[in-house]
2 protein chains.
Amino acid sequence: MDYQPRADEVLALLRHATGVDEALAALPVFGDADPALMQQVLEEAGKFVGERIAPLTRVGDETGAQFAGGHVTMPPGFREAYQAFWQGGWPALSASPEHGGQGLPAVLECVLYEWLSAANHGWTMAPGLLHGAYECLKHHAGADLQARYLEKIATGEWLATMCLTEPHAGSDLGLVRTRAVPQLDGTYRLSGTKIFISGGEHDLSDNIVHLVLARLPDAPPGPKGLSLFVTAKVLPDGTRSKVHRERIEEKMGLHGSPTCVMRFDEATAWIVGEPGRGLAAMFVMMNSARLHVALQGIGLLDAAWQKADAYARERRQMRAPGAARSGEAADLIILHPAVRRILDTQRAWVDGARVLAYRTGIELDLAKHHPDADRRAAAERWCGFITPVLKAACTDQAFHGASECLQVFGGHGYVREWGIEQVVRDSRVAMIYEGTNEIQAIDLLSRKVLPDGGAAFCAFLADLKPAHAALAERLTALGRVAQAVATGAQASPDLPYGIAGDFLRATALALLAWGWERIGAASELAGERWTAPARALDAWILPEFEMRLCIIEGEIARAGTPAQASVT
Amino acid sequence: MDYQPRADEVLALLRHATGVDEALAALPVFGDADPALMQQVLEEAGKFVGERIAPLTRVGDETGAQFAGGHVTMPPGFREAYQAFWQGGWPALSASPEHGGQGLPAVLECVLYEWLSAANHGWTMAPGLLHGAYECLKHHAGADLQARYLEKIATGEWLATMCLTEPHAGSDLGLVRTRAVPQLDGTYRLSGTKIFISGGEHDLSDNIVHLVLARLPDAPPGPKGLSLFVTAKVLPDGTRSKVHRERIEEKMGLHGSPTCVMRFDEATAWIVGEPGRGLAAMFVMMNSARLHVALQGIGLLDAAWQKADAYARERRQMRAPGAARSGEAADLIILHPAVRRILDTQRAWVDGARVLAYRTGIELDLAKHHPDADRRAAAERWCGFITPVLKAACTDQAFHGASECLQVFGGHGYVREWGIEQVVRDSRVAMIYEGTNEIQAIDLLSRKVLPDGGAAFCAFLADLKPAHAALAERLTALGRVAQAVATGAQASPDLPYGIAGDFLRATALALLAWGWERIGAASELAGERWTAPARALDAWILPEFEMRLCIIEGEIARAGTPAQASVT
């Protein structure tokens with residue numbers, strides 16, 4: 001079965017558990033975005049995603065993007081769907097009207113991309129980079145470059161790539177070697193090889209704009225020597241640029257998205273922003289990009305859940321304990337407690353994470369547009385702490401939860417027919433790209449929590465104002481552990497690196513419980529649909545919180561005797 | 001890199017942590033199997049696996065088994081490797097000399113199949129079913145059938161299948177519909193469709209023997225109406241039987257093993273054992289078959305570890321905290337704590353699970369051959385409790401641990417080149433076949449632990465005689481929880497079904513700690529090679545034990561108010 005967006009459920013969650021109405025009311029820039037408009041946009045988006053994008057997911061996997069002679073042919077139907085997508089105005093949902101955008105709140109774009117990823121992760125990789133490229137050029141490019149590229153990218157008429165990784169430089173972009181040599185006419189010549197370039201070549205749009213990290217001849221080594229450049233498949237004079245596609249990768253999944261090896265052979269390019277400020281320019285949209293990857297995770301998990309839930313309501317095997325006797329030789333497997341547990345657990349992750357992710361989408365707009373500087377600062381703080389947590393936890397759960405959902409199918413889950421194994425394969429990559437989940441954990445703990453001894457993090461936790469004692473205790477314990485790690489790290493600087501993953505995970509679990517407090521407080525979100533996942537959260541998910549704290553405290557206790565790392 | 005069996009490490013583990021020498025000394029039937037012979041067999045096996053089988057794993061995945069016109073062509077090199085395998089005497093390692101076997105201890109066969117699975121899971125599926133078919137026919141077939149098939153299967157000259165599953169009958173074999181109609185000449189005609197038949201058709205051997213579960217015309221419904229039959233691709237008179245291969249499945253992985261849909265169209269067959277005793281005949285080797293799947297899990301996890309460990313020793317990214325400054329621009333990633341943790345954690349699983357699995361292989365022989373009836377009964381008890389735990393825990397860890405190892409590669413892990421994503425895809429199926437891991441959990445808790453209120457399980461735990469207080473406390477807690485579940489299940493019969501997975505997992509963790517106590521007690525197993533995984537076990541793996549108990553205790557507390565299951 002194809003993924004079916006549920007606009008009604010998402011709208012209910014958005015309006016009754018995330019405080020979207022009050023938040024947007026404080027932002028005059030979104031004066032038109034009232035509940036009726038949100039409903040209309042989401043219903044139309046759900047229709048488009050369900051009817052045009054979801055049916056192409058299997059052909060995307062089986063046929064995949066095909067590479068021959070430097071050209072990539074996308075799977076049948078992909079180009080037509082993309083043309084309909086950009087002509088329907090979908091890429092530009094939150095871009096400024098002055099650049100051809102719709103000027104809608106970021107949170108609506110969040111929901112759209114969650115659904116697109118759920119429906120067809122491979123196809124969605126292509127437009128998924130537009131928003132970041134748009135913001136990057138909008139904030140850092142000069143007027144000429146903006147005039148040339150901004151509207152094309154805002155509307156999605158042209159697609160875009162981010163060319164960061166090189167064979168020897170993945171998480172460590174400071175090792176990037178691609179060189180940019182200035183020319184007398186103010187342009188640059190780029191030379192080097194970039195890998196893992198999603199959508200580096202395809203036939204979806206008539207041009208492809210490349211944002212490229214490279215090093216000027218006199219640049220210092222390391223990340224501070226990196227500058228950002230823009231080039232394109234087709235140059236302004238109509239000629240093809242010297243950007244060569246060497247091959248596309250054979251991957252575990254995501255076959256609908258061509259992952260290209262690109263060779264820049266003195267390719268003409270223009271600098272974006274200041275020399276040596278390339279990473280900063282590229283990372284201007286880091287929170288937004290990482291939030292979108294978290295939403296991919298939420299979408300993929302919901303897609304896996306939809307498949308498993310439907311299968312469990314038609315497949316019969318054995319008698320379920322406690323089930324009423326039926327005339328059938330066996331009971332529906334949804335009546336078996338182990339199956340029920342899998343389904344309710346994933347539901348708890350999807351819905352709780354949605355509250356957090358949508359709220360973060362709202363905070364992104366508050367950080368930009370709220371009239372009060374303190375409120376903007378609070379929104380920045382929210383996004384800074386929550387984004388790495390959501391990126392890691394949601395993508396981790398997408399893969400592991402999809403694997404749980406596969407298990408509901410038994411042997412049928414392992415074969416292609418039901419599409420569930422594709423979700424497992426596709427989702428795996430999201431734990432790696434846009435900063436591996438280990439990088440997210442270090443970002444949270446080492447860069448954001450520890451520098452002030454955990455003070456800002458504790459203040460952030462206090463602001464969550466939990467309604468229930470159990471969550472209040474967990475938040476207090478989390479803050480206490482953050483401070484203990486900060487203290488321990490003074491004597492053992494490597495302590496945080498070993499337990500950053502546990503700390504992120506404990507934070508994710510506490511936040512998930514907070515999301516479910518919001519759901520529980522909404523009288524509109526009542527009934528078994530919402531109480532069953534809430535029970536799953538308490539019974540089966542949250543006990544991991546104490547385990548993570550136990551691991552962290554054990555490591556703090558052991559940290560008194562640091563040894564120099566060595567290869568043994 | 002291809003998998004490299006480490007005969008030296010396995011032999012050291014076997015001899016110094018499993019008590020194999022003393023156990024075999026008590027079994028006169030294995031008089032020749034002294035340490036020198038074990039060493040010779042393992043070294044030769046390691047050589048054969050590393051040189052002949054491991055290099056074929058990638059072609060097995062990429063080319064895969066090809067189906068056309070009812071025939072299956074195996075990937076290049078598969079047939080030649082199989083011919084060398086059976087002609088070298090490897091399939092028959094533990095079969096009786098009277099049937100052409102080597103008569104060696106089962107534990108050596110365990111090690112061989114662990115390595116084969118690590119080296120090439122797909123290829124190994126074909127001979128992997130021989131042992132079960134051999135034991136099944138040896139114990140249940142009449143003299144004529146034995147004369148016709150036993151030596152061919154013991155030596156592996158002919159391969160064998162197990163035809164159990166039907167489209168509507170997976171975990172619930174009681175729903176099997178294939179019919180067997182008796183003929184005047186004493187044969188039967190089989191009609192029906194079987195699915196998920198590993199090796200149902202291929203070109204590895206000149207004949208394929210099929211063991212088929214089917215129902216006689218007058219048989220009662222349910223599992224007690226099932227009888228076991230044998231037929232083959234080529235009948236004794238040289239004609240082809242009416243067993244048709246309809247197609248092979250497109251799977252997530254394991255492409256080197258053809259998974260066939262088989263249609264029996266009044267195919268001539270012979271009954272094996274008594275009418276209505278088909279399941280019992282097929283399950284005679286259940287402990288052995290499940291142990292072998294656990295060993296697949298151990299092998300696949302070791303294969304993933306080998307790849308990640310090698311990559312982490314050549315890839316450099318960023319500065320590792322606490323690492324000595326080197327002349328390189330970045331440190332080896334094995335120096336990063338998060339990478340180290342992944343590697344040491346998987347090592348802890350592989351080596352601890354090896355102790356348990358090898359010991360279980362030894363107990364299988366003790367159960368068969370020990371002169372003392374009490375010792376045989378204790379061995380049976382060991383196998384009954386431990387086998388489902390190992391099957392579920394080792395296959396679960398193979399998939400999840402391989403995914404962790406993939407993460408070590410970053411983006412490179414998601415592409416085919418390094419082979420790690422193949423391990424993730426291949427390993428996933430082992431959580432499903434030979435009884436899903438959920439079935440294993442219910443087998444352990446509902447069928448083995450609870451019937452006597454947990455008494456035998458507690459006695460089994462007490463016999464483990466832990467050396468350290470921490471493990472002693474965990475074993476006591478586990479026994480206490482088993483008894484509490486037994487009590488709670490009286491009022492709430494569905495209680496065990498919701499927490500069987502947690503109970504199995506807690507048992508697995510306690511047993512893993514017991515395995516590591518054996519390693520820790522062996523002075524021959526010293527140094528960082530063994531102490532680093534031991535630290536990983538304590539710091540990062542065992543805290544899950546308390547979490548599982550917390551979940552179980554929560555469910556016991558909630559179980560006072562059972563509700564009838566319903567579809568909502």
Side-chain angles (χ1 to χ4, degrees), chain A residues 165 170-172 175 196 221 249-252 313 317-318 320-324 329-330 332 334-338 341 399 403 407 410-411 413-416 421 424-425 428-429 431-433 436 438 493-494 497-498 500-501 528 539-540 543-544 546-547 550-551 554-555 558 562 564-565 567-568, chain B residues 165 170-172 175 196 221 249-252 313 317-318 320-324 329-330 332 334-338 341 399 403 407 410-411 413-416 421 424-425 428-429 431-433 436 438 493-494 497-498 500-501 528 539-540 543-544 546-547 550-551 554-555 558 562 564-565 567-568:
Chain A
T165 307
S171 296
D172 192 353
L175 302 177
F196 301 156
E249 306 284 357
E250 293 292 330
K251 306 192 295 298
M252 182 180 185
R313 290 170 191 275
Q317 292 285 278
M318 298 187 280
L332 290 172
I334 201 170
L335 296 175
H336 288 281
R341 175 166 168 174
F399 174 71
S403 170
Q407 196 75 2
Y414 197 66
V415 300
R416 258 201 204 150
E421 62 87 29
V424 177
R425 284 185 292 108
R428 183 61 183 81
V429 73
M431 295 165 68
I432 299 169
Y433 60 35
T436 67
E438 289 71 24
D494 54 346
Y497 295 87
E528 183 76 2
W540 305 312
E544 188 191 332
E546 279 71 34
M547 182 188 89
C550 166
I551 290 175
E555 292 294 291
R558 267 183 288 270
Q564 191 167 75
V567 182
T568 56
Chain B
T165 307
S171 297
D172 193 352
L175 301 176
F196 300 156
E249 306 285 358
E250 293 291 330
K251 305 191 297 296
M252 182 180 186
R313 289 170 191 275
Q317 291 286 279
M318 297 188 281
L332 290 173
I334 201 169
L335 296 175
H336 288 281
R341 174 167 169 174
F399 175 71
S403 170
Q407 195 75 4
Y414 196 66
V415 300
R416 259 203 202 147
E421 62 88 27
V424 177
R425 287 185 290 107
R428 184 61 183 81
V429 73
M431 295 166 69
I432 299 168
Y433 60 35
T436 67
E438 290 71 24
D494 55 345
Y497 295 88
E528 183 77 2
W540 305 312
E544 188 191 331
E546 279 70 35
M547 181 189 90
C550 165
I551 290 175
E555 292 295 290
R558 267 183 288 270
Q564 189 168 75
V567 181
T568 54

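Chain letters run A, B, ... following the sequence lines, proteins first, then strands; residues in each count from 1. Side chains included, hydrogens not; waters and symmetry mates left out as well; all remaining heavy atoms used.
The parts of A:E250 that come within reach of chain B are both its backbone and its side chain, each placing non-hydrogen atoms under 4.5 angstrom from that chain. Using a 4.5 Å cut-off between heavy atoms, B:Q407 touches chain A through backbone and side chain atoms alike. With a threshold of 4.5 angstrom between heavy atoms, A:T165 does not approach chain B through any atom at all. Residue A:F196 touches chain B through its side chain alone, counting heavy-atom pairs closer than 4.5 Å. Only the side chain of B:R341 has a heavy atom closer than 4.5 Å to any heavy atom of chain A.
Side chain of A:D172 to main chain of B:Q317: no donor-acceptor pair is present (N/O by atom type, distance under 3.5 Å, no hydrogens or angles).
Note: A:S403 leads A:G498, A:S403, A:A500 in heavy-atom pairs under 4.5 Å with chain B. Interface remark: of the candidates A:G554, A:G410, A:C550, A:G410 forms the most heavy-atom pairs closer than 4.5 Å to chain B.
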Pair B:V415-A:M252, side-chain contact (heavy atoms from CB on, under 4.5 Å): steps then yes or no: CA-CA 6 Å; B:V415 300; A:M252 182 180 185; over 6 Å; no
Derivation and outcome, side-chain contact (heavy atoms from CB on, under 4.5 Å), residues B:R428 and A:V424: CA-CA 10 Å; B:R428 184 61 183 81; A:V424 177; 5.7 Å; no
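Minimum heavy-atom separation, A:I432 to B:G411: CG2-N, 3.3 Å. Of all non-hydrogen atoms in A:I551 and B:P543, the two that sit nearest each other are CG1-CG, 3.6 Å.
Evaluation of the side chain to side chain contact (heavy atoms under 4.5 Å, CB included) rule for A:E544 yields A:R505, A:L509, A:M547, A:R548, B:M547 as partners, not counting sequence neighbours.
Inter-residue side-chain proximity for A:R416 and B:K251 is flagged as unmet; no heavy-atom pair is nearer than 4.5 Å. Between B:W540 and A:E555, the closest side-chain pair of non-hydrogen atoms falls below 4.5 Å.
Of the inter-residue distances, the one linking A:E438 atom CD with B:H336 atom NE2 reads 11.5 Å to the nearest 0.5 angstrom.
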